[in-house]
Protein chains: 4
Amino acid sequence: MAGSVNKVILVGNLGADPDVRSMSNGGKVVNLSVATSERWKDRNSGEQRERTEWHRVVIFSEGLARVAESYLKKGSKVYIEGQLQTRKWQDQSGQDKYSTEVVLQGFNSNLTLLDGRGDGDSSGDGGGFRGARQGDNAGGRSGGGQRPAANAPAFESGGMDDDIPF
Amino acid sequence: MAGSVNKVILVGNLGADPDVRSMSNGGKVVNLSVATSERWKDRNSGEQRERTEWHRVVIFSEGLARVAESYLKKGSKVYIEGQLQTRKWQDQSGQDKYSTEVVLQGFNSNLTLLDGRGDGDSSGDGGGFRGARQGDNAGGRSGGGQRPAANAPAFESGGMDDDIPF
Amino acid sequence: MAGSVNKVILVGNLGADPDVRSMSNGGKVVNLSVATSERWKDRNSGEQRERTEWHRVVIFSEGLARVAESYLKKGSKVYIEGQLQTRKWQDQSGQDKYSTEVVLQGFNSNLTLLDGRGDGDSSGDGGGFRGARQGDNAGGRSGGGQRPAANAPAFESGGMDDDIPF
Amino acid sequence: MAGSVNKVILVGNLGADPDVRSMSNGGKVVNLSVATSERWKDRNSGEQRERTEWHRVVIFSEGLARVAESYLKKGSKVYIEGQLQTRKWQDQSGQDKYSTEVVLQGFNSNLTLLDGRGDGDSSGDGGGFRGARQGDNAGGRSGGGQRPAANAPAFESGGMDDDIPF
DNA sequence: TTTT
DNA sequence: TTTT
């Protein structure tokens with residue numbers, strides 16, 4: 001279809017350590033179980049209520065899978081950006097089942113660790129993780145870059161900035 | 001949990017007219033079936049491929065439900081912002097089933113029609129729809145504000161969930 | 001215009017304590033300075049690079065302003081969802097200036113504190129903050145709903161805009 | 001900074017044809033002027049109000065620039081995903097100026113055309129545009145792929161799906 | 001400057 | 001089941 005968008009954004013905590021599985025081609029797939037919660041005050045009873053939602057997150061992206069395996073663990077707080085996908089499968093008795101997942105695959109995915117230097121000890125380790133994305137070319141505007149997915153060009157035209165705001 | 005976010009953003013087309021159901025309290029719930037697709041060129045075969053994903057969208061928000069009922073129809077292109085929720089239910093044989101939906105309810109939801117004057121045939125109804133949100137207070141920076149939008153209706157209809165996944 | 005969307009999502013840290021200003025109508029406006037950074041490895045030199053972006057965030061929403069004032073401080077990590085707005089103003093010499101801000105106002109805004117009570121120990125909370133949104137009706141599917149959130153306050157304070165860009 | 005997110009999502013219309021500029025390295029930069037509007041009913045006067053916001057969008061991403069140049073024109077409706085960046089520059093008199101832009105560069109950007117066959121005149125060219133993103137690897141789950149940014153693996157482990165929902 |  |  002022309003012009004569609006399928007995006008999920010989650011900020012939540014891992015309910016368990018990442019589940020890492022190897023694939024036949026040598027790659028890895030990482031499954032995460034991520035909780036989001038919301039609280040609100042019931043307008044009738046006035047009592048505090050809470051609802052927790054568990055999300056199944058599947059990471060196919062090579063770089064993000066590596067990050068997940070290396071830096072995430074039970075309790076980690078993460079920012080996740082992926083796509084909604086529903087999969088059909090059969091259980092042992094041959095029954096059709098459906099599973100809807102947040103899939104991180106390809107360019108428009110993101111996984112960023114949100115708790116400081118590890119996730120609890122605060123003894124900063126140097127090295128630590130500072131977010132990861134699809135590739136290393138997040139770049140600023142300066143710098144070369146002539147390979148596929150190059151960006152951050154040096155301008156030829158000088159006038160471009162003269163007329164702003166437009 | 002402190003500090004979590006649960007957000008889904010879709011741009012896609014309705015696969016069918018909105019399914020409107022009345023609730024016992026007089027409110028309405030609208031179910032949408034929304035398709036998103038993506039195309040890519042297979043890197044091995046080089047052939048064009050396409051994958052369509054179908055999303056079950058449930059609108060509890062009063063204002064957005066009214067909009068959906070009034071302006072959307074099969075084929076409509078929409079921008080949708082809601083939350084991921086998975087519901088457990090039992091089929092006729094008592095088997096547990098799970099259904100994951102994009103729920104529009106409360107303040108952080110949005111529904112915007114993206115095709116101009118109808119959906120292409122332009123014959124339309126005159127008037128047409130120009131986007132809707134939770135309430136009427138989108139406002140600029142000035143203005144008072146004492147009649148905000150209501151949402152989150154009470155309902156107890158049991159039948160609503162019986163036919164999923166669709 | 002029919003069918004438009006204007007949304008900014010930030011996860012970053014406050015560069016300073018929130019700047020709270022009272023308006024003539026008794027409401028408050030809170031200004032935040034939020035940093036986001038990205039790192040990447042330069043593809044030519046191979047060296048590590050970093051770029052920090054500073055965002056001016058303006059909170060008109062009553063509930064979110066209260067939250068910002070109560071729970072945020074220099075260094076706080078926040079999730080922010082608002083709208084892009086560019087304002088024109090004149091400096092002392094009468095020169096036209098433009099300032100682009102992320103505005104939190106109305107239903108489709110969000111402000112969530114992302115550093116729990118520290119960032120990892122799970123001991124007592126001492127009150128702590130668990131996210132805030134436009135109103136109290138985040139709710140689950142049940143519940144009534146007749147006291148929605150107010151927003152979009154009137155104000156006429158002129159001084160608020162004098163010191164930008166910060 | 002560890003763990004930050006800087007994302008802008010716009011759905012709006014071009015106020016003018018794309019402005020394409022060549023760079024010294026042979027690449028192109030495309031500037032767009034995108035309008036978003038919102039309407040609301042003033043709660044005091046009851047009158048209909050509208051506010052239009054103009055966004056300066058700068059496309060450094062090679063693929064997206066090509067798409068913009070080829071398929072967008074004045075009036076086109078687009079979905080845009082990029083980053084907020086503020087640039088400092090000097091006008092002719094040496095005065096410091098700031099310009100805040102939505103930058104499309106690198107992996108986490110998106111540009112999708114939202115109006116079907118052109119933008120209303122429907123004179124269409126055959127072929128037409130169907131959305132574009134950073135790369136061609138949007139892929140589904142099946143298929144090969146062993147180059148950098150490969151995804152869509154074939155599983156070795158068969159059990160992965162058996163235990164859902166988890 | 002767009003769009004409805 | 002949509003759309004291109």
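Sequence lines set the chain letters: A, B, ... in the order given, protein chains first and strands last, and positions in each chain run from 1. It should be emphasised that the depicted structure is a prediction, and the values quoted were computed from it without experimental measurement.
- Atom CG of L113(D) is separated from atom C1' of dT3(F) by 13 Å (rounded to the nearest Å).
- The aromatic ring of W54(B) stacks onto the base of dT1(F), its centre lying under 5.5 Å from the centre of the six-membered base ring with the two planes under 30° apart.
- S4(A) contributes no side-chain N or O that forms a donor-acceptor pair with the base of dT2(F) under 3.5 Å.
- The closest side-chain donor-acceptor pair between S37(B) and S4(A), if any, does not fall under 3.5 angstrom.
- Rounded to whole Å, the distance from CG on D17(B) to P on dT1(F) is 15 Å.
- Under the side chain to side chain contact (heavy atoms under 4.5 Å, CB included) criterion, S70(D) pairs with R66(D), sequence neighbours left out.
- As a whole-Å value, the separation of K74(D) NZ from dT3(E) P is 7 Å.
- For the pair D115(B) CG and dT2(F) P, the interatomic distance rounds to 15 Å; values are reported in whole Å.
- Nearest nucleotide to the side chain of E50(D), out of dT4(F), dT1(F), dT4(E): dT4(E).
- Ranking dT2(E), dT4(E), dT3(F) by closeness to the N13(D) side chain, first place goes to dT2(E).
- Checked by atom type, the side-chain pair H55(B)/S33(B) shows no donor-acceptor distance below 3.5 Å.
- Residue Q48(B) contributes atom CD, which lies 19 Å from atom P of dT3(F) at whole-angstrom precision.
- Across all their heavy atoms, L84(D) and T100(D) have their closest contact at CD2-CG2, 3.5 Å.
- Put simply, NZ on K41(D) is 21 Å from P on dT4(E), counting in whole angstrom units.
- Distance CG (D19(D)) to C1' (dT2(E)): 16 Å, rounded to an integer number of Å.
- Nearest nucleotide to the S37(B) side chain, out of dT1(F), dT4(F), dT2(F): dT2(F).
- For E81(C), the salt bridge (Lys or Arg N to Asp or Glu O under 4.0 Å) partners two or more places apart in sequence, or in a different chain, are K7(B), K7(C).
- Look at CG on L114(B): it is 13 Å from C1' on dT3(F), rounded to the nearest Å.
- Counting atom types as modelled, S33(B) pairs no side-chain N or O with a base atom of dT2(F) as donor and acceptor under 3.5 Å.
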